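Every value quoted in this text rests on a predicted model; they were computed, and no experiment measured them.
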There are 2 protein chains.
Amino acid sequence: MARPRKPLLSRDRIVEAAGELVDAEGLEAVSTRRLAAALGVSGPSLYNHFRTKDAILEAVADAVSARVDLSMFDGVDGPSDWRPALHAWAHSYRAALADHPNIVPVLARGPGRRPAGLRLADAVFGAMTAAGWPPAQATRIGALMRYFILGSAVASFAQGFVDDETAYDPADYPHLGQAHLLADRRHEVDEGAFETGLTALLDGLTLQYEALRPEPPRP
Amino acid sequence: MARPRKPLLSRDRIVEAAGELVDAEGLEAVSTRRLAAALGVSGPSLYNHFRTKDAILEAVADAVSARVDLSMFDGVDGPSDWRPALHAWAHSYRAALADHPNIVPVLARGPGRRPAGLRLADAVFGAMTAAGWPPAQATRIGALMRYFILGSAVASFAQGFVDDETAYDPADYPHLGQAHLLADRRHEVDEGAFETGLTALLDGLTLQYEALRPEPPRP
DNA sequence: ACCTGAACACCGTTCAAGT
DNA sequence: ACCTGAACACCGTTCAAGT
């Protein structure tokens with residue numbers, strides 16, 4: 001066959017298959033030939049729909065961003081709204097990344113020109129300024145939340161340790177006696193740390209917010 | 001030449017050259033052939049000193065971990081010490097990563113069996129427990145600090161936006177009108193966000209610490 | 001022990017050729 | 001317009017051969 005009457009491929013089909021391959025086997029497993037084979041097509045065909053392999057991965061990443069709920073920012077317009085919105089958003093964001101951890105390194109490169117990534121950045125910034133944060137602070141909040149959430153997805157703590165008791169010699173690492181157990185409890189550990197960190201972050205931001213708009217002095 | 005009387009290579013020389021290549025041209029630029037050429041040697045020679053290319057990158061990453069100052073944890077043994085220690089450590093850690101941003105994705109995979117990475121995890125955990133944090137909380141602090149610090153290095157906010165005004169159509173992204181300026185001010189923006197986030201995190205942890213050991217009730 | 005060139009099974013991407 | 005096979009310049013890694 002040369003050209004079929006109905007196109008065999010579409011951008012959507014390619015992105016879907018690429019996403020499945022990334023989820024199942026990781027970023028390194030995605031080659032144009034492997035992906036094409038999964039779609040029943042030859043390697044170079046993909047280049048009729050995307051300029052590069054990287055553009056395909058960007059599209060996969062953006063599809064993940066698109067699943068992050070932003071609706072909690074809609075009603076934000078005062079001092080009492082921003083905290084719960086940020087909390088709910090952070091959890092939605094993290095959940096989306098946890099569903100597709102292998103693509104996170106691509107997301108970490110930034111929104112660039114990816115529409116869903118940009119919508120996300122726009123929504124946070126808009127909501128924080130609406131809540132009364134000065135623009136420079138709103139930018140910082142968007143940035144630091146990004147650090148924490150992406151960091152939690154890309155730099156899992158528990159998963160970073162090896163499930164091998166002998167790897168952690170007490171003579172070298174006196175406090176890592178239990179570290180080999182982390183791998184087993186990794187969801188528990190990483191989720192606990194995420195919630196603890198998120199709460200600390202929001203508590204700390206609340207202090208800064210209150211310092212920004214001081215209570216009227218009591219008589 | 002076949003085998004020279006003095007070895008041409010050593011693990012240290014390889015790690016040093018690999019680090020320079022990563023810093024100068026990025027992770028993707030490191031191929032065994034390119035690295036070997038920089039060392040005046042043929043590709044397969046490297047396999048006499050490292051089992052895989054990945055092991056070389058792990059060694060480069062560990063050399064970066066080794067430059068993180070841990071001395072501030074030495075004297076920690078009470079309630080007033082942990083916060084400044086954590087603050088100083090976070091800055092030292094971030095500075096080390098900022099010097100070698102291209103290797104951060106390798107570091108993000110976790111300490112695994114890398115000695116410097118393990119020493120770092122050991123020191124934080126040891127200091128937090130010494131300061132009176134319960135072990136489960138100490139683990140969480142190590143994890144959440146890791147998320148934030150690695151996240152700030154791997155998921156730069158300012159660098160994530162494109163330096164192109166037309167990329168951010170106000171109709172699509174009403175609040176990103178200034179986003180194209182972020183690239184220019186990226187150090188300022190990312191450093192400001194890091195400090196703001198770190199302060200918030202430590203403020204929040206301080207609240208948790210105080211809740212843990214309540215003040216003796218006032219009569 | 002430590003280096004070499006040849007070889008293997010892969011890559012991403014280009015391009016002329018087909019319909 | 002959209003697919004194909006052939007081709008190019010690369011990869012990581014193995015291995016027999018050399019000293």
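A:Asp12 and A:Ser10 form no side-chain donor-acceptor contact under 3.5 Å, judged by distance and modelled atom types alone. Side-chain N/O atoms of B:Asp122 and A:Tyr168 include no donor and acceptor closer than 3.5 Å.
Considering only side-chain atoms of A:Pro44, the nucleotide from D:dG5, D:dT13, C:dC2 that sits closest is D:dG5.
Applying the salt bridge (charged side-chain N to carboxylate O under 4.0 Å, His left out) rule to A:Asp81 yields no partners; only residues at least two apart in sequence or on another chain are considered. The side chain to side chain contact (heavy atoms under 4.5 Å, CB included) check on B:Pro134 picks up B:Gln137, B:Leu212, with sequence neighbours excluded. B:Ala38 pairs by the side chain to side chain contact (heavy atoms under 4.5 Å, CB included) definition with nothing, not counting sequence neighbours. Residues passing the side chain to side chain contact (heavy atoms under 4.5 Å, CB included) test with B:Val60 are B:Val15, B:Ala18, B:Ile103, sequence neighbours excluded. The salt bridge (charged side-chain N to carboxylate O under 4.0 Å, His left out) test applied to A:Arg34 returns A:Glu25, not counting sequence neighbours.
Of the two residues near DNA chain D, B:Arg34 and A:Pro7, the one whose nearest nucleotide lies more 5' is A:Pro7.
Listed by first and then second residue, the salt bridge (Lys or Arg N to Asp or Glu O under 4.0 Å) pairs that reach into residues 160-179 of chain A are A:Asp164-B:Arg113, sequence neighbours excluded. Under the ring-ring contact (aromatic ring centres under 6.0 Å, His included) criterion, the residue pairs touching residues 91-127 of chain B are B:His87-B:His91, B:Trp89-B:Tyr93, B:His91-B:Phe194, with sequence neighbours excluded. Applying the ring-ring contact (aromatic ring centres under 6.0 Å, His included) test to residues at least two apart or on different chains, none of the pairs has a partner in residues 27-54 of chain A. Contacts classified as salt bridge (Lys or Arg N to Asp or Glu O under 4.0 Å) and involving residues 49-63 of chain B (residues at least two apart or in different chains) are given here: B:Asp54-B:Arg109, B:Glu58-B:Arg109, B:Glu58-B:Arg114, B:Asp62-B:Arg114.
Using a 4.0 Å cut-off on heavy atoms, none of the residues of residues 16-31 of chain A approach DNA chain D. Within residues 47-60 of chain A, the residues having any heavy atom closer than 4.0 Å to DNA chain D are, in order of number, A:Asn48, A:His49.
Rounding to whole angstrom units, CG of residue B:Leu8 and P of C:dT4 are separated by 7 Å. In this structure, the CZ atom of A:Arg33 is 18 Å from the P atom of D:dC3, given to the nearest Å. Rounded to an integer number of Å, the gap from CG of B:Leu46 to P of C:dC2 is 14 Å. Between B:Lys6 atom NZ and C:dC3 atom C1' the separation is 17 Å, expressed in whole Å.
The side chain of B:Ser42 contributes an N or O atom lying less than 4.0 Å from OP1 or OP2 of C:dT4.
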Bracket string, DNA chain C, 5' to 3' - pairs by Watson-Crick or G-U geometry under 3.5 Å, | interstrand: ||.|||||...|||||.||
